[in-house]
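Here's the structure, in structure tokens; my notes come after.
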Amino acid sequence: MRDAAFAIHSTPPQILAMAERRKQFPFDEFEPKWQRHWEENKTFSVPNPGEADFDPSKPKYYVLDMFPYPSGAGLHVGHPEGYTATDIITRYKRMNGFNVLHPMGWDAFGLPAEQHAIKTGEHPRINTENNTNNFRRQLKSLGFAYDWDREVNTTDPAYVKWTQWIFLQLYHSYFCEEEQKAKPISELEAQGLSREEIDNRRLAYVAETPVNWSPDLGTVLANEEVEEWRAKGHTVERRPLRQWMLRITAYAQRLIDELDGLDWPTGIKLLQTNWIGRSEGASVKFQVSSARSEGLETENLNLETLEEVEVFTTRPDTLFGATYMVLAPEHPLVEQITTEEQKEAVAEYQKTCAGKSDLERTELAKEKSGVFTGGYAINPVNDEKIPVWIADYVMMSYGTGAIMAVPAHDERDHEFAEKFGIEIIEVVQAPEGTEEKCFTGNGTAVNSGFLNGLSTSEAKEKITTWLEEKGLGKKTINFKLRDWLFSRQRYWGEPFPIVWKEGNHEALPESELPVLAPELDDYKPTGTPEPLLSKATEWVDLGDGVKRETNTMPQWGGSCWYYLRYCDAQNPNAPIGKEAEEYWMGKNGNPGGVDLYIGGTEHAVLHLLYARFWHKVLFDLGHVSTPEPFQKLVNQGLIMGEDGQKMSKSRGNVVNPDDVVDLYGADSLRLYEMFMGPLEQVKPWSMKGVEGVFRFLARVWRLVMDTNQEGEWELRSKLAESEPNKSTNKVVHATIKKVGEDIESMSFNTAISQMMVCTNELTKLEEIPVSSVVTLLHLLNPFAPHLTEELNASLAEKFDSIPNEPLADQAWPEFDEDCLLEDEIEIVLQVNGKVRDKISVPAEASKEEVEEAALASERVQSFIDGLTVRKVIVVPGRLVNVVAN
RNA sequence: GCCGACAUGGCGGAAUCGGUAGACGCAACGGACUUAAAAUCCGUUGAGCUUUGCUCGUGUGGGUUCAAGUCCCACUGUCGGUACCA
């Protein structure tokens with residue numbers, strides 16, 4: 001997936017200079033060696049149900065990384081942060097007897113490859129392949145435990161086929177409101193609906209809509225993408241275009257409700273909920289004069305010439321205070337309503353607005369603007385004539401594109417009314433003590449006829465019922481979420497499996513998938529909204545007036561379902577086989593299939609929302625067995641530059657992982673990324689910090705290895721097959737306990753510090769028990785797999801008690817609670833909450849005994865001398881607090 | 001403006017349920033080893049003071065409690081998201 005754009009980098013010389021090349025242990029020899037070992041032995045390949053070697057007795061665990069967009073810049077240090085975390089979990093779960101699925105792949109469609117193709121004339125596939133190879137090399141050099149047999153690439157024809165297949169599932173489905181789920185379109189056909197009626201209900205449909213069009217990129221862009229490309233100097237303008245849309249709004253309610261059962265950060269849940277933006281209110285119908293009905297300007301209304309405008313409001317209780325109405329400048333009724341005198345001003349204003357993007361409209365939002373249309377609306381509650389304005393603070397794309405304006409109780413309306421001298425009528429009395437110029441809270445209805453005296457919530461209810469009875473309105477729920485604009489005019493994306501016949505779209509049969517784009521002579525944009533693929537006239541024209549759809553899908557298409565493909569990556573007959581889907585994605589009593597998903601927050605309302613939508617459609621249609629794709633989500637925090645600023649080429653603070661691996665080895669990079677601080681936190685890079693963990697790994701190495709006279713590495717003479725003593729056992733078992741618990745809670749930094757403590761203890765010993773060392777190597781293995789495997793292999797060669805088997809294939813150590821018990825416990829003695837002394841008592845001492853010992857303390861006595869002891873608080877195993885005055 | 005997250009030594013951070021604030025690492029300083037340096041090893045390192053010890057100390061101000069980094073109220077600052085959504 002694309003992340004905040006990172007430019008090409010290599011670590012700047014000043015940072016490299018800090019790290020002179022010192023190899024305290026030969027990581028450059030054993031790291032590639034173990035990587036080769038894992039690759040040749042397919043150590044981390046995991047079989048599917050039904051395959052040889054599949055062990056059904058083991059529980060499954062699916063650990064997923066957000067797959068990268070293989071940019072030309074290569075990995076940056078942010079990638080290995082999340083990847084190391086999932087890798088530790090993977091290795092830990094494997095050692096704990098799970099079948100672990102931990103795959104990697106490439107989100108490889110996208111504009112940068114196409115930009116490269118425009119420049120060089122080279123097919124984007126070649127550039128993509130080069131970049132992918134580089135990314136794969138980099139990831140392998142970090143020793144991640146991926147099952148590379150399951151590698152997927154969204155641009156692979158075998159993958160494109162199933163992305164298109166899923167699009168067709170959307171195309172062939174509609175959303176059944178009663179059952180709140182997707183159902184086959186064939187049901188509507190059976191009901192005898194017309195072609196048009198059916199097309200209007202498909203989950204994938206064609207509509208004319210205003211979009212962000214960039215002439216020099218030659219494509220439309222999602223709202224979220226506009227800023228990024230503008231910053232790179234491209235122009236983006238708004239214009240209406242006919243586009244493919246996906247009906248994600250049908251799922252708005254479920255996308256909110258079903259977040260409930262997910263183990264996601266509350267911030268992300270909130271972000272999605274706000275993005276979907278549910279608001280409850282009422283729609284109200286207003287009669288509006290049209291330009292032809294001069295009558296409205298007088299007292300004599302000519303009802304025959306009235307138009308009807310519907311508005312949405314969350315405050316129907318303020319209807320009596322609606323003193324004007326505003327239509328969005330693009331509202332279709334504006335033309336009919338505008339009077340002859342106002343025509344010129346209105347047209348002028350519309351023109352100004354049309355040239356602005358949403359963004360510009362917002363930037364200029366400080367000052368309200370608008371124009372009176374000359375038309376009037378009738379307030380249905382009191383038959384008052386209210387002026388109709390157009391203003392760009394009303395958006396065509398939300399609600400009905402029209403509002404009733406209540407200047408007394410809405411800040412925007414208030415500002416507007418003040419500027420243009422429109423009447424302001426108070427209809428909600430604020431509670432005592434509230435002094436606001438424009439009260440927007442809940443209060444008591446006043447000046448509101450039959451609503452007077454009611455509380456805001458009662459008034460809302462009463463007016464809504466009243467409107468419904470009169471047929472003037474009804475209770476309505478509105479969502480901010482818009483349907484998903486799903487087509488792009490670029491080349492490097494999946495073509496739609498659609499053809500056009502006599503102005504109608506038609507799906508290609510499954511047998512014709514994948515539909516692949518033809519080679520082009522040049523990849524330059526057409527300069528018009530005509531998609532690039534339209535240049536391939538032979539490919540487009542299928543004869544008999546049948547033409548191919550020339551738009552392509554956005555990058556999000558491939559990333560919406562890649563986690564499913566990993567489960568059954570080679571399946572030629574389906575996107576995912578039933579048995580594989582049920583095993584890896586299947587129910588464990590959880591709504592989500594993937595057990596752990598780690599990635600950045602930048603996809604909170606993009607990929608993570610889109611993927612949930614597709615998954616729900618597939619669930620409704622019976623293709624997957626859980627309603628949600630991702631059970632547990634964790635966001636890793638951004639890694640800042642050494643200067644505390646965001647890493648960027650222009651600041652010269654970018655760190656290239658290749659350089660770090662070169663200087664300190666992959667294990668050091670992995671360990672440092674985990675030792676920096678809590679995974680989810682934003683934190684600055686420090687080359688000195690890398691050196692710190694490098695020194696720790698060197699200490700672990702020297703715990704086992706020593707140089708002989710010839711300067712060769714050999715096992716240390718202090719190692720012995722002896723029984724560890726009590727205190728050694730205590731620290732080792734405490735480490736087993738803490739590291740296990742910390743991995744489970746993803747507190748990797750504290751797990752590492754405990755292993756540092758343990759290493760320091762073992763280093764001090766005159767005779768080092770190999771069993772303790774090997775236990776430490778097990779614990780450290782998920783973090784620093786190369787070093788630990790190498791040391792373990794060396795030990796196994798010499799000592800018979802050590803199994804000659806890679807750590808990755810061994811079980812996670814268990815701790816013995818008895819080893820953690822102490823004979824004597826240190827008790828802190830406080831007087832009035834201040835620490836005054838520390839005593840040692842037997843572990844089994846009773847409360848009374850501890851209290852007695854505490855009061856016997858000379859130091860305590862000296863502090864309570866002359867005072868009366870009021871209370872003695874004994875916290876078993878911890879402290880005694882003597883309260884005296 | 002709104003929403004969210006965060007605030008602890010010179011720095012990154014630790015502190016499970018309210019119970020010894022500063023684990024672990026970095027940096028700094030002192031020592032050992034060395035002809036010397038690097039590496040390594042050992043030690044010191046929150047601040048202040050009248051230094052066997054005492055006082056202060058987790059953004060600010062208040063509160064609850066025998067006891068507050070942790071809980072409650074109010075505020076300030078930093079970062080992130082979002083923005084005329086009726």
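Quick note on labels: first sequence line is chain A, next is B, and so on, each numbered from 1.
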(message) Does the structure show a Watson-Crick or G-U wobble partner for rU20(B), both distances under 3.5 Å? Name it, or say none.
(response) none

(request) Look at N760(A) and rG25(B) and indicate whether a side-chain polar atom (N or O) is within less than 4.0 Å of OP1 or OP2. (result) yes

(request) Rounded to whole angstrom, note down the C1' distance from rG63(B) over to rG46(B). (result) 27 Å

(request) Select base, sugar-phosphate, or nothing to describe what R870(A) touches, counting heavy atoms under 4.0 Å on all strands. (result) nothing

(message) Would the base of rC84(B) count as contacting K368(A) through its side chain, where contact means a donor and an acceptor less than 3.5 Å apart?
(response) yes

(message) Ignoring hydrogens and geometry beyond distance, is a side-chain donor-acceptor pair present between S279(A) and Y398(A) at under 3.5 Å?
(response) yes

(request) With a 3.5 angstrom cut-off on both distances, give the Watson-Crick or G-U wobble partner of rU58(B), or none if there isn't one. (result) none

(message) Can you tell me if S279(A) touches the phosphate of rA86(B), counting only side-chain N or O atoms and a distance under 4.0 Å to OP1 or OP2?
(response) yes

(message) Closest approach to the side chain of F863(A), judged atom by atom: which nucleotide of rC54(B), rC56(B), rA86(B) is it?
(response) rC54(B)

(request) For rA5(B) versus rA27(B), give the span between their C1' atoms, rounded off to a whole number of Å. (result) 29 Å

(message) Does V883(A) reach a base, just sugar-phosphate, or nothing at all? Heavy atoms under 4.0 Å.
(response) sugar-phosphate

(request) Quote, to the nearest angstrom, the C1' distance that separates rG80(B) from rA86(B). (result) 27 Å

(request) Decide, yes or no, whether a salt bridge links E741(A) with K737(A) under the criterion of side-chain N to carboxylate O below 4.0 Å. (result) yes

(request) Indicate whether OP1 or OP2 belonging to rU82(B) is found under 4.0 Å from a side-chain N or O atom of N274(A). (result) no

(request) Would you classify G689(A) as touching base, sugar-phosphate or nothing, given that sugar-phosphate means primed atoms plus P, OP1 and OP2, and contacts are heavy atoms under 4.0 Å? (result) nothing

(request) Could you work out the separation of rU8(B) and rC56(B) based on their C1' atoms and round it to a whole Å? (result) 16 Å

(message) Is Q24(A) close enough to rU40(B) that one of its side-chain N or O atoms is under 4.0 Å from OP1 or OP2 there?
(response) yes

(message) With a cut-off of less than 4.0 Å, is there a side-chain N or O of R695(A) near OP1 or OP2 of rC26(B)?
(response) yes

(request) Mind checking S686(A) for me? I need base, sugar-phosphate or nothing, with any heavy atom below 4.0 Å counting as a touch. (result) nothing

(request) Could you tell me whether a side-chain N or O of R859(A) sits under 3.5 Å from a main-chain N or O of R836(A), the two making a donor and an acceptor? (result) yes

(message) Can you check the distance between rU70(B) and rU58(B), where both ends of the measurement are the P atom (answer in whole Å)?
(response) 9 Å

(request) Specify whether F420(A) and W389(A) have parallel, tilted or perpendicular ring planes, treating 30° as the upper limit for parallel and 60° as the lower limit for perpendicular. (result) tilted

(message) Does a side-chain N or O of R699(A) approach OP1 or OP2 of rG25(B) to a distance below 4.0 Å, or not?
(response) no

(message) Say we look at rA68(B) and rA15(B): how far apart would their C1' atoms be, to the nearest angstrom?
(response) 13 Å

(message) The side chain of R836(A) is closest to which nucleotide in this list: rU55(B), rU20(B), rG4(B)?
(response) rU55(B)

(message) If I pick the P atom on rC29(B) and the same atom on rA47(B), what distance separates them, to the nearest angstrom?
(response) 16 Å

(request) Classify the nucleic acid contact of V875(A) as base, sugar-phosphate or nothing, counting any heavy atom under 4.0 Å across all strands shown. (result) base

(request) Looking only at side-chain atoms of V835(A), point me to the closest of rA23(B), rA21(B), rG53(B). (result) rA21(B)

(request) Give a yes-or-no answer on whether the side chains of Y393(A) and S369(A) include a donor-acceptor pair shorter than 3.5 Å. (result) no

(request) Among rU20(B), rA27(B), rG13(B), find the nucleotide with the atom closest to the side chain of N749(A). (result) rG13(B)

(message) Suppose we define a pair by two distances each less than 3.5 Å, Watson-Crick or G-U wobble; what does rU44(B) pair with here?
(response) rA28(B)

(message) Give me the distance, rounded to whole Å, that separates rC2(B) from rC84(B) when you measure between the P atoms they each carry.
(response) 15 Å

(request) Name the closest nucleotide to the L270(A) side chain, picking from rG4(B), rG25(B), rA67(B). (result) rG4(B)

(message) Whether Q681(A) contacts rG13(B) is assessed here as follows: a side-chain N or O lying under 4.0 Å from the phosphate OP1 or OP2. Is that the case?
(response) yes

(message) Does K834(A) reach a base, just sugar-phosphate, or nothing at all? Heavy atoms under 4.0 Å.
(response) sugar-phosphate

(request) Give a yes/no on whether any side-chain N or O of K688(A) is located under 4.0 angstrom from OP1 or OP2 of rA27(B). (result) yes

(request) Look at the side chain of K683(A) and the backbone N and O of Q681(A), then say whether any donor-acceptor pair between them is shorter than 3.5 Å. (result) yes

(message) Counting the atoms with a prime plus P, OP1 and OP2 as sugar-phosphate, which does L271(A) contact under 4.0 Å by heavy atoms, base, sugar-phosphate, or nothing?
(response) sugar-phosphate

(request) Specify whether F694(A) and Y664(A) have parallel, tilted or perpendicular ring planes, treating 30° as the upper limit for parallel and 60° as the lower limit for perpendicular. (result) perpendicular

(message) Does rC17(B) have OP1 or OP2 under 4.0 Å away from a side-chain N or O of R878(A)?
(response) no

